[in-house]
Peer 1: 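This structure is in structure tokens; I'll ask about it shortly.
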Amino acid sequence: MTILEDVTRKPEQHSVNATQYAIWIAFFELYNGEAYDALTKERLTIKSEGIEMPFVEDLLYIPARNIEEAMDIYKSGAKNLQRRSNGFN
């Protein structure tokens, strides 16, 4: 079972000792070589420090209390994605 499947189960389906999860949603896109926060429409910087993995600086993370809130955040970000008439994005 994936974490998403476990989190989205109805409360009565969880065992007494069920694991608790915290869900934070962030949403960015790469468009024409630039990074943008899909939730705030702000231009972002991708950084890499030393040998560690690259990260997106100042990316907004929003906590979601349930799957409905997570989907609302996702839909809000999806509305802000750049689109071109050729449909490649």
Peer 1: Checking the side chain of D37 only, and the main-chain atoms of E42 only, is there a donor and an acceptor separated by less than 3.5 Å?
Peer 2: no
Peer 1: In chain order, what residues pass the side chain to side chain contact (heavy atoms under 4.5 Å, CB included) check against E57, with sequence neighbours excluded?
Peer 2: T45, K47, F55
Peer 1: Please tell me if the side chains of I46 and L30 come closer than 4.5 Å, counting only heavy atoms from C-beta onward.
Peer 2: yes
Peer 1: Do L59 and L44 have side chains that get closer than 4.5 Å, going by heavy atoms?
Peer 2: yes
Peer 1: If you round to the nearest 0.5 Å, how far is CD of E29 from NZ of K41?
Peer 2: 11.5 Å
Peer 1: Mind checking what makes side chain to side chain contact (heavy atoms under 4.5 Å, CB included) contact with A64, not counting sequence neighbours?
Peer 2: I23, I25, E69, A70, I73
Peer 1: Could I get the full list of side chain to side chain contact (heavy atoms under 4.5 Å, CB included) partners for E34, not counting sequence neighbours?
Peer 2: Y36, R43
Peer 1: Sequence neighbours excluded, which residues qualify as ring-ring contact (aromatic ring centres under 6.0 Å, His included) partners of F27?
Peer 2: Y74
